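Down below is the structure, laid out as structure tokens.
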Number of protein chains: 2
Amino acid sequence: MSTADGSGATGTRERIVLAASRLMQRQGYDGTGIKQISTEAGATFGSVYHFFPGGKRELAVAAIRHGDQEFGDFLREELDRVDDPAEAVAACARTLAAGLRASDWTDGCPVTATALGSATRAPEIQQAAAAAFERWRGLVAERLRRSGLPDADARELAATVVSALEGAEFAAQVSRSEEPLLTTGRQLARLISSYR
Amino acid sequence: MSTADGSGATGTRERIVLAASRLMQRQGYDGTGIKQISTEAGATFGSVYHFFPGGKRELAVAAIRHGDQEFGDFLREELDRVDDPAEAVAACARTLAAGLRASDWTDGCPVTATALGSATRAPEIQQAAAAAFERWRGLVAERLRRSGLPDADARELAATVVSALEGAEFAAQVSRSEEPLLTTGRQLARLISSYR
DNA sequence: GTCTATAATCTGATAGAC
DNA sequence: GTCTATCAGATTATAGAC
């Protein structure tokens with residue numbers, strides 16, 4: 001279900017956000033033009049400014065919020081698949097690695113590329129990215145608490161897991177190799193296991 | 001000593017590379033113009049193309065190589081300051097956090113921002129970034145081996161340390177908080193200690 | 001809501017004088 | 001090696017017809 005009303009139909013606004021998210025994920029904020037976004041979305045140039053009067057900045061914030069949702073859903077699903085939380089985090093890393101390879105190393109984190117570089121100029125973008133990281137940390141922490149970890153430990157571990165996965169995904173992307181993600185996943189599992 | 005010949009004088013070429021590295025670190029590849037680089041370097045527009053006939057791409061590769069050197073030197077120095085390798089990695093994270101705050105959260109990793117987004121279009125840039133990560137992993141692994149860790153463990157840990165520090169630095173940058181780096185540093189220290 | 005035309009500006013890159 | 005002028009194209013954004 002990709003629409004708000006659940007009808008399955010994709011409105012113009014939604015297609016624009018989706019295209020912006022995908023393109024900025026690969027090319028960054030400054031590397032992606034509004035013209036390219038509108039073309040990819042099958043919308044006209046004017047439609048973009050009709051739905052996003054704030055222009056590129058407003059569109060980037062919407063794209064980051066979309067990536068926030070997307071990666072959050074991934075984390076929730078993947079972490080619930082396996083009983084052992086340490087093994088669940090390692091599985092996350094493996095799935096991310098497979099996805100990265102499947103996209104020929106182009107589709108990294110949907111938030112990182114968009115926020116990096118534009119953050120200093122646009123506070124709204126930086127804040128949207130910060131909110132995404134905060135939410136992801138919360139999701140992982142919740143999962144760890146559910147496994148019996150004390151709140152303080154769960155929060156520390158969650159922050160480490162999100163940061164490490166983020167960095168490993170970028171390392172894997174530029175190295176064009178699954179190794180950094182797989183290795184980091186294994187070591188994160190070991191770290192989590194040490195708390196029990 | 002910032003010059004190749006050790007004289008201390010800064011040539012035009014070197015000033016251009018330095019300015020490019022700093023600006024791309026903050027604004028990314030596409031967000032940084034050659035005009036801005038030449039102005040910041042105190043050089044003329046034509047000088048840039050005199051030293052870098054390959055244009056912006058060639059300049060970006062030189063900027064990444066400079067960042068590679070810079071962060072490599074930092075790692076080497078910082079890791080040699082403390083005897084215990086686990087504590088040394090935590091100290092690295094603390095120093096990075098302090099530097100990030102001191103720059104008002106603008107100066108993240110000198111390689112990440114430059115490579116992200118431009119990597120798909122320019123293979124030379126992606127390769128330069130991959131080489132940087134590889135070198136950093138080697139430096140950390142060497143330090144861990146020197147502390148008595150078996151080669152296999154040292155390599156796994158080194159890859160994890162570099163990825164995690166990278167991700168934590170970005171998380172700290174967008175969150176405008178030292179917390180992600182400090183937390184990740186503590187947990188990496190715990191992980192390393194668990195190997196002994 | 002959709003679409004086109006256009007304004008105003010900026011970009012990377014080149015040529016050539018000094 | 002330094003500097004300036006300039007080209008051709010792309011960029012964000014706006015105006016207004018339909």
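All figures in this text were calculated on a predicted structure; none of them were measured in a lab. Numbers restart at 1 for each chain; the letters A, B, ... are given by sequence-line order, proteins then strands.
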Practice task
In whole angstrom, give the distance that lies between atom CZ of B:Phe52 and atom C1' of D:dG1.
Solution key: 14 Å
Practice task
Start with the C-alpha gap between B:Gln27 and A:Thr120, add the side-chain angles, then the distance that decides, and say whether side-chain hydrogen bond (donor to acceptor under 3.5 Å, both in side chains) holds.
Solution key: CA-CA 8 Å; B:Gln27 307 168 339; A:Thr120 53; over 6 Å; no
Problem - Check: A:Phe170 ring centre within less than 6.0 Å of B:Phe133 ring centre - result: yes
Completion exercise
In whole angstroms, the gap separating P of C:dG12 from CG of A:Asp30 amounts to 11 Å
Handout entry: Main-chain N/O of A:Glu156 paired to A:Thr160 side chain as donor or acceptor, under 3.5 Å
Key = yes
Handout entry: Length of the CD1-C1' vector between B:Ile34 and C:dG12, whole Å
Key = 6 Å
Problem - B:Arg143/B:Ser147 under side-chain hydrogen bond (donor to acceptor under 3.5 Å, both in side chains): CA gap, chis, key distance, verdict - result: CA-CA 7 Å; B:Arg143 174 70 179 84; B:Ser147 294; 2.8 Å; yes
Practice task
Using whole Å, report how far NZ of A:Lys56 lies from P of D:dT12.
Solution key: 4 Å
Practice task
Write down the distance between CG (B:Leu59) and P (C:dT11), rounded to a whole number of angstrom.
Solution key: 15 Å
Practice task
Give me the residues of residues 17-25 of chain A where at least one heavy atom lies under 4.0 Å from an atom of DNA chain C, by number, or none.
Solution key: none
Exercise for the section: Name the nucleic acid region contacted by A:Thr32, choosing base, sugar-phosphate or nothing; use a 4.0 angstrom heavy-atom cut-off, strictly under. Expected result: sugar-phosphate
Exercise for the section: Round to a whole Å and report the spacing from CD1 of A:Ile37 to P of D:dA13. Expected result: 11 Å
Practice task
Check the pair B:Arg81, B:Glu78 against salt bridge (Lys or Arg N to Asp or Glu O under 4.0 Å), reporting the backbone distance first and the verdict last.
Solution key: CA-CA 5 Å; B:Arg81 272 232 202 109; B:Glu78 196 76 10; 3.7 Å; yes
Practice task
Treat primed atoms plus P, OP1 and OP2 as sugar-phosphate and everything else as base, then score nucleotides 2-9 of chain C 5' to 3': B for base contact with protein heavy atoms under 4.0 Å, S for sugar-phosphate contact only, - for none.
Solution key: SBB-----
Handout entry: salt_bridge(B:Glu70, B:Arg22) N-O dist < 4.0 Å
Key = yes
Exercise for the section: List for me each residue that meets side-chain contact (heavy atoms from CB on, under 4.5 Å) alongside B:Tyr49, sequence neighbours excluded, and say none if there are none. Expected result: B:Ile34, B:Phe45
Practice task
Please indicate whether A:Glu40 has more than 12 foreign heavy atoms, meaning atoms of other residues, nucleotides or ligands, lying under 6.0 Å from its CD.
Solution key: no
Exercise for the section: Could you tell me whether B:Asp30 and B:Arg121 have a side-chain N and a carboxylate O separated by less than 4.0 Å? Expected result: yes
Practice task
Grab the OH-P distance between B:Tyr49 and D:dC7 for me, whole Å please.
Solution key: 17 Å
